[in-house]
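Please read all numbers here as calculations on a predicted model, not as lab measurements. The figures here come from the full heavy-atom set of this structure, side chains too, leaving out hydrogens, waters and symmetry mates.
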Amino acid sequence: MADVVAQVVGRRSRSGRGRDTLAVFDAVRRLGPPLTRQAEPTGFRAGLLTLKVFGSVWMTELSFMIPTLKARLNRTIGREVVQDVRLVAGPPARRTGARGPLPPLTPEELDKVERWGAEITRPEVRAAVLRAASRHLARNRR
């Protein structure tokens with residue numbers, strides 16, 4: 001992972017895909033509990049947000065809330081970015097040492113993270129790098 005980040009640090013982005021991913025993930029986090037206790041974003045590509053949901057009851061509940069969820073996310077972001085939401089079942093990510101929500105990134109930090117992931121072609125690797133870089137910057141400001 002360090003090699004991938006080292007390769008892309010300092011390169012300018014050619015698109016806003018990374019910025020959109022970070023904005024969508026941050027918007028989900030801002031919705032707060034109970035959603036953030038029961039689901040987490042795992043990907044965003046071409047307007048499709050993928051949420052991992054922790055349990056069948058919440059999967060059913062969120063399936064009815066998709067139109068409202070899209071509207072709230074887009075309103076939080078300030079533009080129409082999320083066009084659809086896909087729900088997948090899965091266990092929550094293992095969290096260690098959680099100390100509450102991380103502070104939102106500044107525009108300068110968002111630009112820095114976007115530059116780091118701009119040249120990564122594999123979407124799952126790019127999303128992982130963007131999440132890790134965002135968390136790193138936010139934790140350092142805590």
Side-chain angles (χ1 to χ4, degrees), residues 1-59 61-63 65-142:
M1 183 70 101
D3 293 334
V4 173
V5 172
Q7 289 175 0
V8 297
V9 170
R11 295 183 187 169
R12 294 298 298 169
S13 172
R14 293 186 183 107
S15 73
R17 288 181 298 186
R19 183 186 314 263
D20 287 348
T21 300
L22 291 174
V24 170
F25 280 33
D26 184 56
V28 170
R29 185 187 58 78
R30 287 181 182 198
L31 292 179
L35 175 73
T36 54
R37 283 193 217 126
Q38 304 302 329
E40 65 187 16
T42 59
F44 180 74
R45 186 172 187 192
L48 175 66
L49 169 64
T50 303
L51 287 177
K52 181 169 44 168
V53 182
F54 321 134
S56 60
V57 172
W58 273 95
M59 181 75 81
E61 182 74 21
L62 288 176
S63 70
M65 295 176 59
I66 287 175
T68 304
L69 184 58
K70 287 188 316 188
R72 286 184 64 194
L73 290 169
N74 287 325
R75 188 171 44 246
T76 300
I77 296 166
R79 56 194 165 85
E80 296 293 317
V81 176
V82 179
Q83 297 167 3
D84 203 3
V85 177
R86 185 179 87 171
L87 305 174
V88 296
R94 192 171 145 209
R95 301 182 194 270
T96 58
R99 295 184 291 161
L102 294 173
L105 296 180
T106 65
E108 294 81 18
E109 290 170 327
L110 285 171
D111 284 338
K112 182 186 287 188
V113 171
E114 180 189 14
R115 286 191 308 267
W116 288 345
E119 300 298 321
I120 301 172
T121 57
R122 292 187 54 203
E124 62 276 5
V125 174
R126 183 177 45 253
V129 168
L130 295 177
R131 278 193 309 270
S134 297
R135 287 183 185 136
H136 171 76
L137 290 174
R139 283 188 185 120
N140 284 340
R141 278 200 296 119
R142 233 188 225 178

Would you say V81 and R19 make side-chain contact, with heavy atoms under 4.5 Å?
-> no

Can you see which heavy atom on R79 is nearest to which on D20, and at what distance?
-> NH2-OD1, 2.8 Å

With sequence neighbours excluded, residues passing salt bridge (charged side-chain N to carboxylate O under 4.0 Å, His left out) with E124 = R122

Check M59 against V53 and note the closest heavy-atom contact, atom names and distance.
-> N-CG1, 3.5 Å

Kindly determine whether L87 and I66 satisfy side chain to side chain contact (heavy atoms under 4.5 Å, CB included), including the steps that lead there.
-> CA-CA 9 Å; L87 305 174; I66 287 175; 4.2 Å; yes

Listed by chain and number, what are the side-chain hydrogen bond (donor to acceptor under 3.5 Å, both in side chains) partners of N74, not counting sequence neighbours?
-> E80

Kindly write out the residues that satisfy side-chain hydrogen bond (donor to acceptor under 3.5 Å, both in side chains) with K52, not counting sequence neighbours, or none if the list is empty.
-> E40

Listing, residues 24-35 side-chain donor-acceptor contacts under 3.5 Å, not counting sequence neighbours, or none:
{"residue": "D26", "atom": "OD1", "partner": "R29", "partner atom": "NE", "Å": "3.4"}
{"residue": "D26", "atom": "OD1", "partner": "R29", "partner atom": "NH2", "Å": "2.7"}
{"residue": "D26", "atom": "OD2", "partner": "R30", "partner atom": "NE", "Å": "2.9"}
{"residue": "D26", "atom": "OD2", "partner": "R30", "partner atom": "NH2", "Å": "3.3"}
{"residue": "R29", "atom": "NH1", "partner": "L102", "partner atom": "O", "Å": "3.1"}

Could I get the full list of side-chain hydrogen bond (donor to acceptor under 3.5 Å, both in side chains) partners for E61, not counting sequence neighbours?
-> none

Under the side chain to side chain contact (heavy atoms under 4.5 Å, CB included) test, which residues partner R75, sequence neighbours left out?
-> R72

Atom CG in L51, atom OG1 in T36: separation rounded to 0.5 Å?
-> 11.0 Å

Identify the two heavy atoms, one from V113 and one from S134, that lie closest to each other, and give their separation to 0.1 Å.
-> CG1-OG, 3.8 Å

L105 and A138: which non-hydrogen atoms are nearest, and at how many Å?
-> CD2-N, 3.8 Å

Residues forming a side-chain hydrogen bond (donor to acceptor under 3.5 Å, both in side chains) with Q83, sequence neighbours excluded | none

T21 to F44 - nearest heavy-atom pair and separation = OG1-O, 3.7 Å

Value for CD (E114) from CZ (R126), rounded to nearest 0.5 Å, stands at 10.5 Å

How long is the gap from CG on L110 to CG on L137, to the nearest 0.5 Å?
-> 9.0 Å

